[in-house]
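A short write-up of the structure that comes next.
Here the structure is a predicted model, which is why all the values come from computation and not from measurement. Numbers here simply count residues along the sequence, with the first being 1. All ligand and atom numbering here is 1-based and tracks the order in the structure.
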Amino acid sequence: MPAAPLIIATRNSHKTSEIRQIVGASFQVLDANDFPDFPQVDETGTTFLENATLKAEAISSRIDGYVLSDDSGLEVDALHGAPGVWSSSYGGEEGNHASNNARLLEEMKNVGAENRSARFVCTMVIARDGKALTNFRGTCEGRILPTAAGCGGFGYDPLFAPQGHELSFAELGADIKNQLSHRARALAQVLEWLKQQSF
Ligand code: ITT
């Protein structure tokens with residue numbers, strides 16, 4: 001039997017490839033690259049859940065089947081939770097990971113080692129026919145490193161060391177990141193939920 005399709009409401013191919021690796025052969029993971037008329041969704045919410053709901057509902061109103069969205073970001077305690085929901089444009093330009101990381105390093109330059117705690121957060125919403133059905137949240141605790149290290153992953157990965165590790169996510173590589181990450185933790189709950197549904 002062919003794998004059931006799982007449509008990811010994202011234009012971020014890094015998210016899709018992580019989800020594809022975590023899910024394995026059980027689903028055929030698709031995203032904006034597979035649908036030419038994938039709508040652009042304005043992320044006007046102020047929480048991860050609001051933005052994840054906007055994305056999942058908008059895409060599932062156009063495309064048949066279960067649609068899964070991922071709204072995620074980095075919360076830094078010393079910055080009162082910033083960049084948070086604004087993680088992808090923190091440096092001024094949407095999706096520019098180099099300027100996001102440069103701003104984060106600048107904001108953290110006078111923060112001592114004991115105050116560099118942070119977490120990645122991922123909220124996932126599953127929708128069908130334009131209606132959100134359920135949502136799940138995964139987090140990954142860690143700390144912000146003083147300098148960028150490694151070239152794996154994407155986004156803030158060179159600056160984030162997960163709890164229990166000295167190395168950044170970008171240095172640890174995909175296999176370890178995909179066992180520990182906020183995305184992996186949210187997705188584990190999604191997969192449990194999908195198991196109970198009929199396709
Ligand atoms: P879509 O909305 O199309 O899914 P996006 O990249 O704009 O793509 P978000 O609005 O959820 O997605 O913003 C997520 C940002 O948070 C992302 O651009 C990174 O800056 C950061 N981020 C999220 N997960 C991350 C991860 O696993 N590693 C590093 N940075 C991450």
Side-chain angles (χ1 to χ4, degrees), residues 6-22 29-35 38-60 67-76 79 81-105 107 118-125 127 135 137-145 148-162 165 167-187:
L6 180 61
I7 299 143
I8 314 300
T10 188
R11 294 182 180 277
N12 181 334
S13 55
H14 297 284
K15 288 182 181 176
T16 309
S17 59
E18 289 185 2
I19 292 170
R20 193 172 278 134
Q21 182 176 341
I22 295 165
V29 176
L30 306 170
D31 70 5
N33 290 316
D34 301 291
F35 298 93
F38 215 73
Q40 179 68 45
V41 183
D42 288 336
E43 296 186 38
T44 53
T46 56
T47 64
F48 294 115
L49 180 57
E50 282 171 10
N51 284 335
T53 303
L54 285 170
K55 291 187 270 193
E57 290 191 338
I59 307 298
S60 74
V67 170
L68 175 66
S69 65
D70 165 324
D71 202 70
S72 44
L74 181 67
E75 292 180 347
V76 179
L79 303 177
V85 265
W86 293 279
S87 290
S88 71
S89 55
Y90 192 51
E93 187 195 344
E94 180 71 34
N96 184 331
H97 300 311
S99 65
N100 291 341
N101 284 346
R103 172 152 184 215
L104 181 58
L105 279 179
E107 302 282 348
R119 73 203 51 75
F120 272 124
V121 178
C122 175
T123 294
M124 290 186 163
V125 168
N135 64 81
R137 179 182 162 97
T139 60
C140 179
E141 298 290 331
R143 66 180 203 289
I144 304 303
L145 296 169
C151 51
F154 70 100
Y156 298 96
D157 284 346
L159 290 177
F160 181 86
H165 292 266
L167 300 180
S168 72
F169 259 159
E171 293 174 290
L172 289 168
D175 287 349
I176 294 179
K177 181 181 177 190
N178 289 337
Q179 284 167 32
L180 301 176
S181 80
H182 50 312
R183 184 160 295 108
R185 288 174 175 155
L187 196 51

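Qualifying side chain to side chain donor-acceptor pair (under 3.5 Å) partners for Glu18, counting only residues two or more places apart in sequence or in other chains: Lys177, Arg183. Listed by chain and residue number, nothing satisfies the side chain to side chain donor-acceptor pair (under 3.5 Å) test with Ser87 (two or more places apart in sequence, or in another chain). Applying the side chain to side chain donor-acceptor pair (under 3.5 Å) test to Thr123 and every residue at least two apart in sequence or in another chain returns nothing.
Within 4.0 Å of ligand 1, protein heavy atoms come from Thr10, Arg11, Asn12, Lys15, Glu43, Lys55, Asp70, Asp71, Ser72, Gly73, Ser87, Ser88, Glu94, His97, Phe120, Phe154, Gly155, Tyr156, Asp157, Lys177, His182, Arg183.
Between Lys55 and Asp71 there is a salt bridge, since a side-chain N of the basic residue sits under 4.0 Å from a carboxylate O of the acidic one.
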Is there a side chain to side chain donor-acceptor pair (under 3.5 Å) between Asp70 and Ser72? Walk through the geometry before answering. CA-CA 6 Å; Asp70 165 324; Ser72 44; 2.8 Å; yes
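The aromatic rings of Phe160 and Phe120 sit tilted, their planes meeting at an angle between 30° and 60°.
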